[in-house]
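Before any comments, here is the structure.
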Amino acid sequence: MGTSVLCLEQGPWMHQKDYPTNFLDWESRAMGPFASNPNVRRLAQDYPVNDSASPIQPLMFNAVGGSTILWAAHFPRFTPGDFRVKSTDGVADDWPIGYQTLEPFYATNDRMMGVAGLAGDPAYPYHEPPMAPLPLGATGNIVASGFEKLGWHWWPSDSAIASRDYEGRAACINLGPCTSACSQGAKASTDITYWPVAQRKGVQLRTGCRVKEITVRADGMADGVLYYDQDGVLQEQKAEIVVLACNGIGTPRLLLNSKSPQHPDGLANSSGLVGKNLMFHPYALIRGIFDEPLNGRRGPGGCTVWSHEFYKSDPSRGFIRGYSYEGTRGAGPAQEALWGMAAGLVPWGEGHHEAYARLHGHIAGMVAITEDLPEETNTVTLDPELTDSNGVPAPKVTYTLSENSKKMLAHAVERGKEALSAAGAVETWAEPLLRPAGWHLMGTARMGTDTARSVVNEWGRAHDVKNLFIIDGSIFVTSAGVNPTSTIQALALYIADRIKQNIGNLFD
Amino acid sequence: MPNATDPLHDNAFMEAFLNLVIPPDEDRRMPGAGSLGLGAAVAAAVETDSLLGHAVVTGLRAVRDAAVARDPAGLPGLTREARLEVLEGVLAHHPAFMTGVARHLYPAYYQHPRVLEALGEPARAPFPEGFQIEPTDAALMAKLLARRK
């Protein structure tokens with residue numbers, strides 16, 4: 001007899017026919033109902049986030065598939081060294097598990113998500129993506145040429161995008177804006193990868209259900225949840241095991257909203273670390289204008305090449321740890337105009353068309369994804385006034401950019417401009433800290449073996465509540481300098497496997 | 001007669017104003033934003049913009065008032081040079097004004113079929129046709145494969 005699994009999801013099922021690229025005004029839709037920022041989107045299933053005390057805005061999407069609906073699908077793994085920065089660099093903490101523990105789950109996940117890539121990247125242990133890499137296109141070629149001329153590391157991105165028909169998904173047709181959802185279904189999002197499989201296995205899914213709190217028994221163990229259904233009626237659901245996958249903001253929010261006499265500071269919070277050590281990846285954006293036409297809006301926007309040239313610590317650089325570059329393409333005509341306006345390159349009035357013509361279809365660039373080190377002063381707390389539409393207290397994010405991150409970002413901007421100039425850019429510009437860039441939400445219920453310094457153990461079980469598991473980015477110990485989704489998913493598979501393997505003595 | 005209270009819905013004013021922000025360019029076959037009739041789209045967007053909407057409406061009102069002070073016919077009655085003088089005078093006192101205008105005008109303009117065609121872009125939704133992109137540079141790939149682990 002199998003396990004009975006029920007998932008409560010606050011959002012709805014999404015439908016590819018409704019995605020922006022089905023429409024001529026796809027750029028406006030991407031900036032409105034498909035914006036990554038819930039405070040902009042303000043859909044019924046969203047909850048507000050008070051980000052007034054953060055230079056980086058948290059981004060997320062609430063639906064079946066979650067933020068994979070809107071992600072870029074750039075799909076790097078963590079490197080082995082990312083799990084032991086205390087040992088190598090004397091900062092933060094080592095993870096209680098390593099790359100080798102996760103490797104089989106990375107591989108399973110690559111198959112499930114459908115990853116296109118090229119085996120043999122010297123920055124990583126050998127692994128074979130199941131599909132051939134996506135074509136780089138003119139933008140990827142030109143960014144790669146800059147890296148190549150400087151003798152830097154670069155490699156085609158592992159991308160969770162089908163480069164051929166794969167497991168019922170059609171191959172990518174280069175629609176462009178992956179970050180406003182994929183109408184073709186070529187981009188992996190968990191509503192079309194994992195969910196159909198899970199439902200065939202009998203997993204139940206209830207949409208439009210917003211969990212208010214996790215309830216506990218007299219002995220402090222979790223016994224279920226209270227949630228608002230889609231009619232706003234408070235319901236109770238009992239459970240023997242509760243698993244949270246609400247992201248690095250939603251998970252601490254829910255734990256802090258689950259106060260009880262047994263857990264007066266919030267559930268699983270005897271360490272006081274729930275909501276602390278919030279990590280984003282501070283992003284710098286570097287762009288260049290090229291004389292040759294690049295057709296940059298065509299093709300997956302964030303999936304060309306990556307570079308780990310400045311990934312590891314080098315004391316001569318003046319900062320600890322490092323960052324990766326992710327090649328980026330251009331954008332649609334409207335977004336190009338807005339970029340140009342923000343950079344002071346496209347004026348209104350006389351000269352507008354001439355200035356715009358220099359940009360249109362002539363932009364390529366990259367983002368730098370810097371490793372954010374954990375600090376207890378970067379937090380998710382409950383806002384004293386702000387609530388969601390059900391009256392549940394909303395999260396407040398308090399975050400200060402570290403001096404280390406500032407130095408890293410400045411370095412990344414200068415070296416990124418150098419690479420674009422080497423590639424032939426006639427002009428470069430940068431945003432040294434991208435504000436709408438809080439895609440990666442990590443660290444707020446960290447993993448560890450020391451119960452005083454972590455929230456969950458080495459397989460995701462809450463130290464304080466032995467039938468409560470967390471499987472999202474909040475359990476990250478450190479952030480690495482790459483996108484986290486591949487690692488979040490590998491961790492979720494690993495923890496599910498641990499639950500299954502340990503089911504006989506799960507609560508010991 | 002200009003609409004006395006609401007410059008966003010004063011069609012003649014908005015046409016003249018938007019043609020100042022994105023003027024026509026005959027050489028590039030680019031139409032002026034006002035001539036495309038984008039006033040209604042901009043107005044709708046501005047009215048739902050809680051961040052910049054007020055600054056835009058306040059700025060528009062100042063432009064219209066300054067224009068009427070020069071000529072009872074308002075902005076449409078002025079020469080292009082006079083219109084620009086009026087607008088630049090207002091911008092000195094309303095720094096967020098043009099940012100808000102562009103935030104809503106540029107998307108409306110650069111998604112208009114006539115503009116897309118003038119740019120050489122297909123005036124269609126990306127899906128279902130999609131696009132072709134260039135293959136990976138074979139010479140670059142050869143160098144990469146030599147470094148393969």
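Below, chain A is the first sequence line, B the second, and so on; all start at residue 1.
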Item to check | Exceeds 12 heavy-atom contacts within 6.0 angstrom, atom CZ of Arg114(B) | outcome: no
Item to check | Other residues, nucleotides, ligands: >12 heavy atoms within 6.0 Å of Arg42(A) CZ | outcome: no
Measuring from [X]:[atom1] to [Y]:[atom2], what's the distance to the nearest 0.5 Å?
X	Y	atom1	atom2	value
Glu148(A)	Leu144(B)	CD	CG	7.5 Å
Leu140(B)	Ser145(A)	CG	OG	6.5 Å
Asp27(B)	Glu354(A)	CG	CD	10.0 Å
Ile133(B)	Asn295(A)	CD1	CG	10.0 Å

Item to check | Worked check of ring-ring contact (aromatic ring centres under 6.0 Å, His included) between Tyr356(A) and Tyr110(B) | outcome: CA-CA 11 Å; Tyr356(A) 179 79; Tyr110(B) 284 104; 4.2 Å; yes
[X] portion near chain B, given a 4.5 angstrom heavy-atom threshold:
X	value
Pro347(A)	backbone
Ala357(A)	side chain
Arg329(A)	side chain

Between the side chain of [X] and the main-chain N/O of [Y], is any donor-acceptor distance below 3.5 Å?
X	Y	result
Thr136(B)	Leu136(A)	yes
Asp25(A)	Ala125(B)	no
Gln111(B)	Glu27(A)	yes
Arg147(B)	Pro122(A)	no
Asn174(A)	Gln132(B)	no
Lys149(B)	Tyr124(A)	yes

What's the shortest heavy-atom distance between [X] and [Y], and which atoms?
X	Y	result
Asn141(A)	Pro135(B)	ND2-O, 3.0 Å
Ile173(A)	Phe127(B)	CD1-CD1, 4.2 Å
Pro107(B)	Ala334(A)	CA-CB, 3.7 Å

Checklist entry - Between Met141(B) and Leu118(A), does a side-chain contact (heavy atoms from CB on, under 4.5 Å) hold up when you go through it step by step? => result CA-CA 11 Å; Met141(B) 189 54 70; Leu118(A) 180 67; 4.0 Å; yes
Checklist entry - Just wondering, do Pro333(A) and Val115(B) contact through their side chains at under 4.5 Å, heavy atoms? => result no
Checklist entry - So do Ile142(A) and Asp137(B) actually touch side chain to side chain, heavy atoms under 4.5 Å? => result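 Of all side-chain heavy-atom pairs linking Ile142(A) with Asp137(B), none is under 4.5 Å.
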Heavy-atom cut-off 4.5 Å, strictly under: side chain, backbone, both or neither for [X] against chain A?
X	value
Leu51(B)	neither
Leu145(B)	side chain
Arg83(B)	neither

Next on the checklist: I need the single residue from Val101(B), Leu91(B), Thr99(B), Ile22(B) that forms a side chain to side chain contact (heavy atoms under 4.5 Å, CB included) with Trp348(A). Which is it?
Outcome noted: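 The side chain to side chain contact (heavy atoms under 4.5 Å, CB included) with Trp348(A) is passed solely by Leu91(B) among Val101(B), Leu91(B), Thr99(B), Ile22(B).
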Next on the checklist: Using a strict threshold of under 4.0 Å (side-chain N to carboxylate O), is an ion pair present between Arg297(A) and Glu121(B)?
Outcome noted: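 Salt bridge: yes.
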Checklist entry - Hey, are Glu134(B) and Arg298(A) close enough for a salt bridge, meaning a charged N less than 4.0 Å from a carboxylate O? => result no
Checklist entry - What residue, out of Glu350(A), His360(A), Glu336(A), has the most heavy-atom pairs lying under 4.5 Å from chain B? => result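 Max contact count across the listed options: His360(A).
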Checklist entry - Hey, what's the ring geometry for His353(A) with Tyr109(B), parallel, tilted or perpendicular (30° and 60° as the breaks)? => result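 If you compare the ring of His353(A) with that of Tyr109(B), the planes turn out tilted.
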Item to check | When His112(B), Arg124(B), Arg28(B), Arg103(B) are compared by non-hydrogen pairs under 4.5 Å with chain A, the top option | outcome: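 Of the options given, most contacts go to Arg28(B).
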